[in-house]
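For reference, the structure is listed below as structure tokens.
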There are 2 protein chains.
Amino acid sequence: MIRLENIEKVYRTDRIETVALTNINLEVDEGEFISVMGPSGCGKSTLLNLIGLLDVPTEGHVQLDGAPITTYRDRQLAAIRNREIGFVFQTFHLVSDLSVLDNVQIPLLYRRMSNRERRERALEALDRVGLSARVHHFPSQLSGGQQQRVAIARAIVGRPRILLADEPTGNLDSHMGEEIMGLLEDLNRGERTTIVMVTHDQQKAERTARIVRLFDGRQVN
Amino acid sequence: MIRLENIEKVYRTDRIETVALTNINLEVDEGEFISVMGPSGCGKSTLLNLIGLLDVPTEGHVQLDGAPITTYRDRQLAAIRNREIGFVFQTFHLVSDLSVLDNVQIPLLYRRMSNRERRERALEALDRVGLSARVHHFPSQLSGGQQQRVAIARAIVGRPRILLADEPTGNLDSHMGEEIMGLLEDLNRGERTTIVMVTHDQQKAERTARIVRLFDGRQVN
Ligand SMILES: Nc1ncnc2c1ncn2[C@@H]1O[C@H](COP(=O)(O)OP(=O)(O)OP(=O)(O)O)[C@@H](O)[C@H]1O
Ligand SMILES: Nc1ncnc2c1ncn2[C@@H]1O[C@H](COP(=O)(O)OP(=O)(O)OP(=O)(O)O)[C@@H](O)[C@H]1O
Ligand SMILES: [Mg+2]
Ligand SMILES: [Mg+2]
């Protein structure tokens, strides 16, 4: 379902060249739930951005469902991203001028769906992350963990086939972190969602099928 | 050193009134290192913002060093904040148009100090958090955990008497989280910095002198 071959990702700034990923080869089967772990700065978010078609590798190929994504143009990539992929960003990326409810409806705007159905789906996603009492708030009026949960709700509202979660429980207490992990497991077992989760939490990672470990841009297991 | 008496904090939006904190009484002695824990949304960041003079309570009093802060005007508050308090924000609040090095120098701009000394102090703080190789990067070119560490470096560069850290290790792997906890302990023991740390990590909290627990805006221990 997801296949990365010989991936290299290099960032160039004025002064320095950073090899964020090198010699990465990864396959994730449909319906798998895997974790990615490693030290701060080792390339986890970069890897997730490549899988999520938010970025392109410097070298190598990304395939989704056998389709050679790295050859596609922006418009095709955007269409696939919107239809197939849900992304929980490490820094949330909520739209500050939109209410929580409107933020969560964003992925549904491209679909043929009544306004009423979009709203109901968004309310349902927010209920699953425990935020029914905050739907009309704005992001600046939320706690850090509440913002993280809005980001999760937005990522799942479109029932994507692939969910990419970049440290989805980093700002949550152990109880709420458990609830979110349970939600991810339900999506994986109940709806066969393929999930790649970056986490610093060894105990949560051990509940997934396997752990991909990165160090300085390389795979180490 | 820090004293909160009968603190209430209520937020009012168009539609709902949220009691973020109620009946809070807290004393932190000079040189103490304490933790604050509790579920997502229970008032921890709100509490830290009040202690850090970034917000005012709806009712009650905040004292710092015996001075009745809640009676002060903005200019006095800003002067005290800058001189005495270092704040690590849960969502970092880095300035995106400034390099890492310039971000960390910000708290020193108000002090009588040569440009060279500001730069050296900032480089030293960045070295303490393991980011010497990133000083000319911009925040958007950093990983989440690197941004968090820049926020920590900025909070400590002015050698504040009080350090308020809102989930300072939430985006860090266990090794780097240990390094940062060690840095906080060094500041507390070596420089007698008073520290109030919000954390979701029970093990880190247990290394501090005591844990203040909040639930739904109230103290529960
Ligand atoms: N400006 C605001 N307007 C309205 N409500 C607010 C505002 N800021 C915070 N709140 C609400 O106050 C409550 C406490 O927020 P706070 O940020 O202190 O929580 P927290 O304990 O830090 O949570 P987390 O662990 O998720 O960071 C939350 O329910 C939040 O929705
Ligand atoms: N736009 C960019 N330009 C230059 N360097 C970058 C850029 N984005 C990321 N980097 C660098 O690439 C490396 C990998 O970053 P990445 O965000 O993938 O790390 P990470 O493993 O997600 O870390 P964390 O656990 O701290 O979130 C880091 O050293 C970072 O400084
Ligand atoms: Mg990251
Ligand atoms: Mg908070």
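- A:Gln141 contributes atom CD, which lies 9.0 Å from atom CD1 of B:Ile16 (distance to the nearest 0.5 angstrom).
- Atom CZ of A:Arg207 is surrounded by more than 12 heavy atoms from other residues, nucleotides or ligands within 6.0 Å.
- Chain B forms more heavy-atom pairs under 4.5 Å with one residue of A:Ser45, A:Ala133, A:Cys42, A:Ser143 than with any other, namely A:Ser143.
- Identified by a heavy-atom distance below 4.5 Å to chain A, the contributing residues of residues 89-96 of chain B are B:Gln90, B:Thr91, B:Phe92, in residue-number order.
- Among the candidates B:Met176, B:His175, B:His136, the residue making the largest number of heavy-atom pairs closer than 4.5 Å to chain A is B:His136.
- The shortest side-chain heavy-atom distance between B:Gln202 and A:Asp173 does not fall under the 4.5 Å cut-off.
- Judged by distance alone, the side chain of A:His200 and the main-chain N or O of B:Asn171 form a donor-acceptor pair under 3.5 Å.
- Proximity to chain A is absent for every atom of B:Thr169, based on heavy atoms less than 4.5 angstrom apart.
- In the displayed structure, B:Gln203 atom CD is contacted under 6.0 Å by at most 12 heavy atoms of other residues, nucleotides or ligands.
- Residue B:Ala20: no heavy atom, backbone or side chain, is found under 4.5 Å from chain A.
- Atom CD of residue B:Glu167 and atom CG of residue A:Leu172 lie 8.5 Å apart, to the nearest 0.5 angstrom.
- At least one side-chain heavy atom of A:Ser40 sits under 4.5 Å from a side-chain heavy atom of B:Gln146.
- Around atom CZ of A:Arg210, more than 12 heavy atoms belonging to other residues, nucleotides or ligands sit under 6.0 Å away.
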